[in-house]
Structure formats: structure tokens, C-alpha cells
Amino acid sequence: MRFAPALHFKHLFSLALLVFLLLNLSIGAAPSQAAGQRKPAGQPPMRFIIVHSLLCIEDCPEWISAEGRITADTPAQLRRVLKKIGDRKLPVVFQSEGGEVDAAYAMGRMIRKAGLETAIGGTRLKDCPEDDARCAAAIAKDGSSVGVTYSDGAYCFSACPLAFAGGISRVSSQWAFIGVHQITTVYNRVRISYRIEYKIVNGKKTEISRKEVGRKAVGQSSSTKLGKKATAALTTYLKEMGVSGDLIALMMSTAPDRITIIPPADALRMGLNTDMLAYNEWPGMPQCRLGAAADAVCHGHSAVEAAGALAQAAVADPSEKVPTTQPMDFLLMHHGNCQEECTQWISAEGDITQDTPVRLKAILETLGERKLPVVLQSNGGDMDAAFAMGRIIRAAGLETSVGRTRLPNCPTLNPRCKASMAKSGPTEGEVSAGGAYCLSTCALVLMSGTPRIVGYSDIGLVRPTTAESAKFFAYFDEMGVNSESFEAMMIATSIERKEIPRAQALELGIVNGIIPYGDEPGDRLCGPDAKESLRCPKKAEAEIIPAAGASN
């Protein structure tokens, strides 16, 4: 018997890690449309803060603010927070771009086991600056703080919805965003060196020991094809959390460098959301218990539940299905008693498509010489179609503004239901600026108005591609908007859609007036059949506060 000299044997293998690639979403992208760009530097790792509500004195609600990227270490941090709160059932309020899938599964299961609720929202701590809403100075040594939550613009993307799904109650508002895309499997190739000893007996080599002596990374690859094991894990998890498997198809239909925003009606249908927050409810509110008083600080009061039931019925009824996305349509609206006082406007809501200008021209032809305001609400759409719409509106000398139109007897999630539309003539309804939006190419239409005015609504604009720049800025010049200032502003951001404050929109010329307090968009010009009155003086001009009176 003899031992051969020690040899080195090199072996190559791969370690697989499931992750969601982090994105920077274009907030407010059209429902069910992929949009967004990769962010050069993503969020910092998720941090948990126990927050005490700033808006009360006694029996104040508390919540766990969970913001940041989900990493392999995040479940351990959540475990420590849950241990700290003991038996208290504090809602977990998420705002995250996503992260690691396995970590999100672990978080969701911990939240479900602890019987906690989840919500989507941002948290702003007391005395923190606007650009650092959870500043370190506001956090006590024990990790707690005082603050408020908000829905507008809050987001839960990528792997975040999987952690969010762990809540026994899962809520968000119509102003927050849930987004998904494909799972990416990342393979890290590692070369490992071993020291192997063996013996030869009767000419046969037999290994007797093996010891690792080194390893070296030799590359990385990735795949968006979900293997059988990963598919089984995702399917099992969603079933465990009571979420429909339809979510998988939605995820896998969206490339990893894009994002698909899930409309509220679809989130409810799939069970990702169990309820929607009303306008006066905020993320972090506990769910109302059976028999809760009307003034209790909780979400899901009986009135809200009734509204939710109407919305669910609208979704369930195939004749009145809420669409996931819808081309822009135009409604001739009136508000008030048209025999006495009656304001009228053109409500333009939905995605801008190639044939939208044709539909706009058709409704204007039915009005003849009447110049009614065009009230917009849209996530944008086709750029060339937006240019055409803007030129039609400018040639007609019409006013533009941003507002949400609501028809009577329509459910919350479908405020423009077909059942309430008039078969002929104007449709009765109401319009409001609060919570309305005109984003992306919609702003190109907005800037065509004479005048163009805005209230407490969101305006956003895209950065044009290199190929689009020439016609994009030529249109700006045509509409009297400061293209140089806009270009300088957009260079300062890497996101696709830029939110523009009202003061800045005035400075650029995107709008040229602010809707006076107490007025609503399009709700000032009286119809031709209205009798003369204080509200409807003959030949009344729209009142506009000049730029000098603007406030951000």
C-alpha cells in the first residue's frame, strides 16, 4: 500500500439566488402598462421604525414603518422588531422598491403568524426636512419616533408586494402604487479548489480525504425563466396568503427592467388588497373591529364597506366591468340645475391613443362655436397624438385644466360608470381638482389651453428620447412654454416622469393660472340655457389668479 502525492482538483459550480431587480417607477404610469427605468443607486436597506401618531393626544395609533430595499438580513431585523412589540398588533406600513424574493417570503410569513395588518404608505417623522422624511435626528435610541403617514405617491414594487401579502388585512389608497415584474434568477459562478488525498490499491485509485483550500468568483449570469422549483415556491406562497395565482401571469408578462402598476380593482379581485382606504383614512390605521364606534380611529367603517361592496359588484358584473386601462373618452358634462344655473365642461379621461385626436375633434364639432373648458385626467400615452390634441385645443381657443369627474350613483372604484352616462346631451356630474392628475404626455395637452389652469392636482412630464427631442421642444416653443428651463430641470433627475410643483409649472408656462380657492376645474362657465344670475352673469369670463399669486 502507498499514498500518492497530494493533488489539487478544481471544481466549477453555480449558486442561484432569486431576486427582484430594483426599479425607479414612473409614478402614476398608466394602469397595466409597463413603465420605468433602472435606478443607478437603489434605496438603502430596509429599516423598521415604530412610529407613534402625531395627530392625537390619547390612545394614539402606532405602526411599524418599513421603508427601504429588502435584503437577506431584513427578515432578521423584522423578527427583532416583532419581539420588541410583544403582543401589540401594530400595522406594518411598507414603502419599498423591492429586493430579494426569499426574504420577502420570510417577512410575509412572519407578519401572518403575528396576525398583523399591512398597508402601503410613506412615513414622515416630526421635524424632519422634506427631502429626508425619516431623518435620523427624529428617531429615539430605542428605534421609535413620532410622525404621520401619507398615501399620495407611496409605492410597493417588485418583491415588496410579496411581503405586503402577509397582512391579515392589506390596504392601500387609490393614490398609492403596487407594481410587479418578472423574478430574475441570478447565478453566481464560483471556482472552488480542493486538496484531495487518495490511495492506490491493486492499481485502483480511491479518494480518502477532500478539503477546500480556496474559492474565487468567476462570473455571473441571470435568467427570467422561472424554474419548476421557483414556480412551485411562488404558487405555494400566494395560495398560503390568499392571493390569486393570476398575479404570477401579471408578473411574468413584464420584463425585469419595467414595472406593471396593478389597478385597485385588480388588486382587490386578486386578493392582494383586502380593502381600499377612503379619502379620510391613512396607512397605519388599524382595521375597524365589529361594532366599532363611528368616530373610532380605524379604517373600514360601515360606510366604507358599503362603498367597497358597490365597487366589487361593479367589477363582478360583466356588463359594468372596470377596465384595467381605457383609451381617453370625452363626456359633455353639466353640474347644477340647467333651468337656473348650470356649469358645463368637457371631461377628458383615460389613456391618449392614436385615435384620441379624432374623438376630440368629433365632440368639438357637436358644440359648434361654444367654448367649453377641457378638464383632463390621464396618465398620458401616445406623444404624437398629444401634440395633435394640443394643436386642436389651441386652434379652438379652449381652456384646459386638471380634474376628476364623478358621475352620480357610481361606485368609488369606477366613478365614470356607463350606467350613469346620459344617452344624449350633457351628463350630470361633479368635478374636483383634489387627487386629480395629468401626467406624462397629458401635460403636453394641458399646456395648449388658453387659459391653462390648475388646482390641487398633480402634473408630471416625461424626458424625451434623443430622437423625440427636436419635435418635443418645437412643440414647447409653439405653445409658449420655456423649453430651456424645462430641459435644465429634467437633467437634474434620472426618473422618466418628473413631478412638477404648481409654482414651477407657472414659471415654465405649462400653466398660466391657479384655480381660485373654492372653485373647481371647469365648473365656472355656465351653459347656454342657464338664466342670468350672480353665478351665471352673461358673457362672464373665467377668473384666474395670475402667476404672482401662485403658491406651491
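Because the structure is a prediction, the values reported are computed rather than measured. Residue numbers start at 1 and run along the sequence shown. In what follows, every heavy atom counts, from backbone to side chain, and hydrogens, waters and symmetry copies are set aside.
- The two residues S172 and I178 come nearest to each other via the heavy atoms OG-CD1, 4.1 Å.
- A distance-only check finds no donor-acceptor pair linking the side chain of Q182 to the backbone of M251 [under 3.5 Å].
- Between R88 and E62 there is a salt bridge, since a side-chain N of the basic residue sits under 4.0 Å from a carboxylate O of the acidic one.
- Residues that satisfy the salt bridge (Lys or Arg N to Asp or Glu O under 4.0 Å) test with E240, not counting sequence neighbours, are R109.
- Panel note: side chain T236, backbone A232; a donor-acceptor pair is recorded below 3.5 Å.
- Partners of S432 under the side-chain contact (heavy atoms from CB on, under 4.5 Å) rule, at least two apart in sequence or in another chain, are R404, E520.
- Put simply, CG on L90 and CG on D87 are 11.0 Å apart, with the number rounded to the nearest 0.5 Å.
- Applying the side chain to side chain donor-acceptor pair (under 3.5 Å) rule to S253 yields no partners; only residues at least two apart in sequence or on another chain are considered.
- The two residues A176 and I120 come nearest to each other via the heavy atoms CB-CG2, 4.1 Å.
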Next item on the list: For the pair L376 and Y437, evaluate side-chain contact (heavy atoms from CB on, under 4.5 Å) and give the outcome as yes or no after the intermediate values.
Entry: CA-CA 8 Å; L376 299 156; Y437 51 87; over 6 Å; no
Next item on the list: Take V171 and E117 through the test side-chain contact (heavy atoms from CB on, under 4.5 Å) and record every step on the way to the result.
Entry: CA-CA 8 Å; V171 296; E117 300 170 23; over 6 Å; no
Pairs under 3.5 angstrom only: tabulate donor-acceptor contacts from the side chains of residues 143-153 to other protein residues two or more places apart or in another chain.
| residue | atom | partner | partner atom | Å |
| --- | --- | --- | --- | --- |
| S144 | OG | D142 | OD1 | 2.7 |
| S144 | OG | D142 | OD2 | 3.4 |
| S145 | OG | A138 | O | 2.6 |
| T149 | OG1 | P283 | O | 2.6 |
| S151 | OG | S173 | OG | 3.3 |

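- Under the 4.5 Å side-chain criterion, counting only non-hydrogen atoms from C-beta, M383 is in contact with L444.
- Remark: side-chain polar atoms of R406 are not paired, donor with acceptor, to backbone N or O of E430 under 3.5 angstrom.
- Side-chain contact check for I49 versus I64: every heavy-atom pair is 4.5 Å or farther apart.
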Margin query: Let's go through I352 and S378 carefully: what are the C-alpha distance in whole Å and the side-chain angles of both, what is the deciding distance for side-chain contact (heavy atoms from CB on, under 4.5 Å) to 0.1 Å, and is it a yes or a no?
Written below: CA-CA 8 Å; I352 299 172; S378 173; 4.0 Å; yes
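- Taking both residues in full, the closest heavy atoms of C410 and S420 are given as SG-OG, 3.6 Å, listed atom of the first, atom of the second, then distance.
- Checking D73 against T71 by side-chain atom types alone, no donor-acceptor pair falls below 3.5 Å.
- One finds a salt bridge joining E349 and R416 here, because a Lys/Arg side-chain nitrogen approaches an Asp/Glu carboxylate oxygen to under 4.0 Å.
- Applying the disulfide bond (SG atoms under 2.5 Å apart) definition to pairs two or more places apart or across chains, those involving residues 87-135 are C128-C135.
- Between C298 and M285 the shortest side-chain heavy-atom distance does not fall below 4.5 Å.
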Item checked: Stepwise side-chain hydrogen bond (donor to acceptor under 3.5 Å, both in side chains) check, S96 with R69 -> CA-CA 6 Å; S96 172; R69 186 177 73 255; over 6 Å; no
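- The side-chain heavy atoms of T427 and L332, taken from C-beta on, include no pair separated by under 4.5 Å.
- Proximity of I168 to L116: side-chain heavy atoms (C-beta onward) are nowhere separated by under 4.5 Å.
- Closest heavy-atom contact between L162 and V101: CD1-CG1, 4.1 Å.
- For CZ of R359, the number of neighbouring non-hydrogen atoms (other residues, nucleotides, ligands) closer than 6.0 Å is greater than 12.
- Taken from CD1 in I111 to CE in M241, the straight-line distance is 9.0 Å, to the nearest 0.5 Å.
- Counting heavy-atom neighbours within 6.0 Å of K89 NZ, excluding the residue itself, gives a total above 12.
- Scored by the side chain to side chain donor-acceptor pair (under 3.5 Å) test, Q354 finds no partners at all (sequence neighbours excluded).
- Side-chain atoms of F157 and F177, non-hydrogen and from C-beta on, do get closer than 4.5 Å to each other.
- S440 places no side-chain N or O within 3.5 Å of a backbone atom of C442 that could act as its donor or acceptor partner.
- Closest of all the heavy-atom pairs between I259 and G179 is CD1-C, 3.8 Å.
- No donor-acceptor distance shorter than 3.5 angstrom exists from the side chain of S457 to the backbone of V454, with no hydrogens or angles considered.
- A distance of 8.5 Å separates CG in N273 from OG1 in T118, rounded to the nearest 0.5 Å.
- Checked by atom type and distance alone, the side chain of R112 pairs as donor or acceptor with a backbone atom of A165 at under 3.5 Å.
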Next item on the list: Begin with the C-alpha distance, continue with both residues' side-chain angles, and end with the deciding distance and a verdict on side-chain contact (heavy atoms from CB on, under 4.5 Å) for M333 and T405.
Entry: CA-CA 9 Å; M333 301 296 304; T405 295; 3.7 Å; yes
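- Within the model, atoms CE of M107 and CD of E100 stand 11.5 Å from one another, a figure rounded to the nearest 0.5 Å.
- L82 has its side chain within reach of M110: a pair of non-hydrogen atoms, C-beta onward, lies under 4.5 Å apart.
- Considering OG1 of T260 and CG of D266, their distance stands at 11.0 Å, rounded to 0.5 Å.
- Side chains of T441 and D382: a donor-acceptor N/O pair is absent below 3.5 angstrom, by distance only.
- Between the side chain of S158 and the backbone N or O of C160 there is no donor-acceptor pair closer than 3.5 Å.
- One finds the NE2 atom of H181 at 10.0 Å from the CE atom of M252 (value rounded to the nearest 0.5 Å).
- Checked by atom type and distance alone, the side chain of R170 pairs as donor or acceptor with a backbone atom of G167 at under 3.5 Å.
- What you find for L234 and Y105 is that their closest heavy atoms are CA-OH, 3.3 Å.
- Remark: the T123 side chain and the W63 side chain contain an N/O donor-acceptor pair separated by less than 3.5 Å.
- When side chains are defined from C-beta on, M270 counts as touching L250, because their heavy atoms get closer than 4.5 Å.
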